[in-house]
Amino acid sequence: MTCPPPKATLEMIDALPAGPLDARWASPDLVEVRKAGQPIVHLLVTRADRRQDTYIKLLGNTKTRFEVPILNSLSLGCLRRATGYERCDRTCYEDDQGRGGCYASANQYAIQRASVADHYDIVHNAILNDQLLVRLPSDGLAVLPDADLPVEKRSPIIRSSSESSDASFDLALGITQAWAEGNPDRWFLTLCSHHFRLSDAMLCWAAALGNVIGCTTVSGWLSAAELDDRFAAARRFQEFGLPTVIWLVTSRDWANELVLERALELVPPELVVEVPHRSSHHAQELPLFSDRGVSVCGSMRYDADGRRVEFHQGADGTLSRTVRGADGAPTKPRGQVHSRCLNCPTKCGWTALFGHGFGEAPALRRAA
Ligand code: SF4
Ligand code: SF4
């Protein structure tokens with residue numbers, strides 16, 4: 001590719017009306033992002049051998065390890081800054097002191113990419129630097145490289161562009177759809193911040209495949225306008241017939257109840273996945289709505305020895321944590337406590353979808 005990727009300046013981007021962006025293939029090697037009809041970002045596409053662990057984490061990441069593989073066709077940026085939504089210059093969930101923002105702003109990507117030198121900044125990446133990757137298989141085959149694994153070891157669910165990007169970007173380009181088409185025995189989960197508008201054609205394609213789950217992230221942290229746009233996008237998932245899950249990020253500091261009520265207007269409680277705010281590598285709040293029938297992400301927490309941590313609330317409201325010692329008696333956890341996907345009953349909403357008739361991906365349903 002010879003042409004340098006043209007970029008609009010932040011000032012030019014800010015002069016355009018706030019709202020979701022559009023993405024299109026300008027050529028097989030170039031993705032163009034537009035805002036209000038104006039090209040603002042061009043991204044060069046790279047291609048890699050799918051047997052390399054460059055954009056597919058078959059074993060998942062530290063948290064999802066052995067449970068949920070991650071497809072990172074898009075990574076290292078979500079273009080949140082370009083949308084113009086209130087507080088778009090902050091990572092999602094940041095407090096006024098800049099603490100507790102999106103985990104992808106400080107994870108291993110930032111470290112690996114020499115963040116200080118390259119000015120890694122998850123919301124500005126691709127606007128102020130070249131850090132947003134689009135990676136496709138060099139052989140053009142969107143087939144997961146795990147065919148040699150026994151069936152029981154192949155995860156039924158794959159998370160798509162959900163680690164340091166926005167799955168709505170991926171869906172807008174048809175990337176998840178291609179992978180879902182190439183692997184009809186799996187479910188592809190799309191965690192969407194809806195920074196990108198989805199065309200009717202792309203939604204029809206996703207819905208027709210039958211194995212793409214439309215997930216929408218909402219929270220009381222978001223501005224009213226952004227929240228309205230996200231709920232409208234979730235409603236479109238439903239109108240086009242995609243299995244729909246609402247991911248509700250909660251924190252004691254936000255107005256969560258109204259957002260939950262809006263989510264429950266769209267889906268039954270079990271198809272709301274509550275994600276207690278994770279403010280650092282080691283700190284995650286507890287769920288607020290588990291007595292309301294919602295599903296929970298992060299209910300399985302483990303200590304440094306890999307023992308399941310249980311939480312207990314005393315009569316005075318104080319919280320204590322215990323693990324089972326070698327003799328089975330409760331004892332204190334050792335080291336930091338982390339949530340992990342291991343043994344998670346929610347499985348990103350798939351467990352609840354199973355109860356709604358989405359247990360087997362279409363290829364298996366057809367074969368039955
Ligand atoms: S949560 Fe998603 S949309 Fe928000 S800053 Fe992080 S990557 Fe971007
Ligand atoms: S819902 Fe469960 S499996 Fe999915 S990311 Fe959360 S902890 Fe992991």
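For ligands, and for the atoms within them, numbers begin at 1 and follow the listed sequence. The shown structure was predicted, so the numbers you read here are calculated from the model rather than taken from an experiment.
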Check your understanding: Which atoms of ligand 1 are found less than 4.0 Å from any heavy atom of Ser193?
Key -> 2 (Fe), 3 (S)

Practice item. Over 60° means perpendicular and under 30° means parallel, so classify the ring planes of His277 and Trp254, tilted if in between. Key: tilted

Check your understanding: Under 2.8 Å from atom 4 (Fe) of ligand 1, is there an N/O/S atom belonging to Cys92?
Key -> yes

**Study point:** Close-contact set for ligand 2 against Cys297 heavy atoms, below 4.0 Å
**Key:** 1 (S), 5 (S), 6 (Fe), 7 (S)

Check your understanding: Where the side chain of Glu274 meets the backbone of Cys297, is there a donor-acceptor pair that is under 3.5 Å apart?
Key -> no

Exercise for review: Assess Arg90 for proximity to ligand 1: is some non-hydrogen atom of it under 4.0 Å away?
Suggested key: no

Point to revise | Criterion side chain to side chain donor-acceptor pair (under 3.5 Å) on Thr91 and Glu94, from CA distance to verdict | key: CA-CA 6 Å; Thr91 60; Glu94 252 186 51; 2.9 Å; yes

Practice item. Could you tell me whether any N, O or S atom belonging to Cys348 is less than 2.8 Å from atom 4 (Fe) of ligand 2? Key: yes

Check your understanding: Taking C-beta and beyond as the side chain, do Glu181 and Trp205 meet within less than 4.5 Å on heavy atoms?
Key -> yes

Review point. For the residue pair Phe237 and His194, is the inter-centroid distance of their aromatic rings smaller than 6.0 Å?
Key: yes

Point to revise | Shortest protein heavy-atom distance from atom 8 (Fe) of ligand 1, along with the residue and atom involved | key: Cys78 SG, 2.3 Å

Point to revise | Audit row: Ser160, Thr176, side chain to side chain donor-acceptor pair (under 3.5 Å) steps and yes/no | key: CA-CA 7 Å; Ser160 189; Thr176 294; 2.7 Å; yes

Review point. Tell me, which protein residue and heavy-atom name are nearest atom 7 (S) of ligand 2, and how many Å apart are they?
Key: Gly298 N, 3.5 Å

Review point. Is the number of heavy atoms from other residues, nucleotides or ligands under 6.0 Å of Phe354 CZ greater than 12?
Key: no

Review point. Does ligand 2 have a heavy atom under 4.0 Å from the side chain of Cys344, from its backbone, from both, or from neither?
Key: side chain

Check your understanding: Just wondering, do Val249 and Tyr93 contact through their side chains at under 4.5 Å, heavy atoms?
Key -> yes

Exercise for review: Output the list of atoms in ligand 1 that are nearer than 4.0 Å to some heavy atom of Val123, sorted by atom number.
Suggested key: 5 (S)

Point to revise | Part of Arg159 with heavy atoms under 4.0 Å of ligand 2, whether side chain, backbone, both or neither | key: side chain

Exercise for review: Output the list of atoms in ligand 1 that are nearer than 4.0 Å to some heavy atom of Cys102, sorted by atom number.
Suggested key: 1 (S), 5 (S), 6 (Fe), 7 (S)

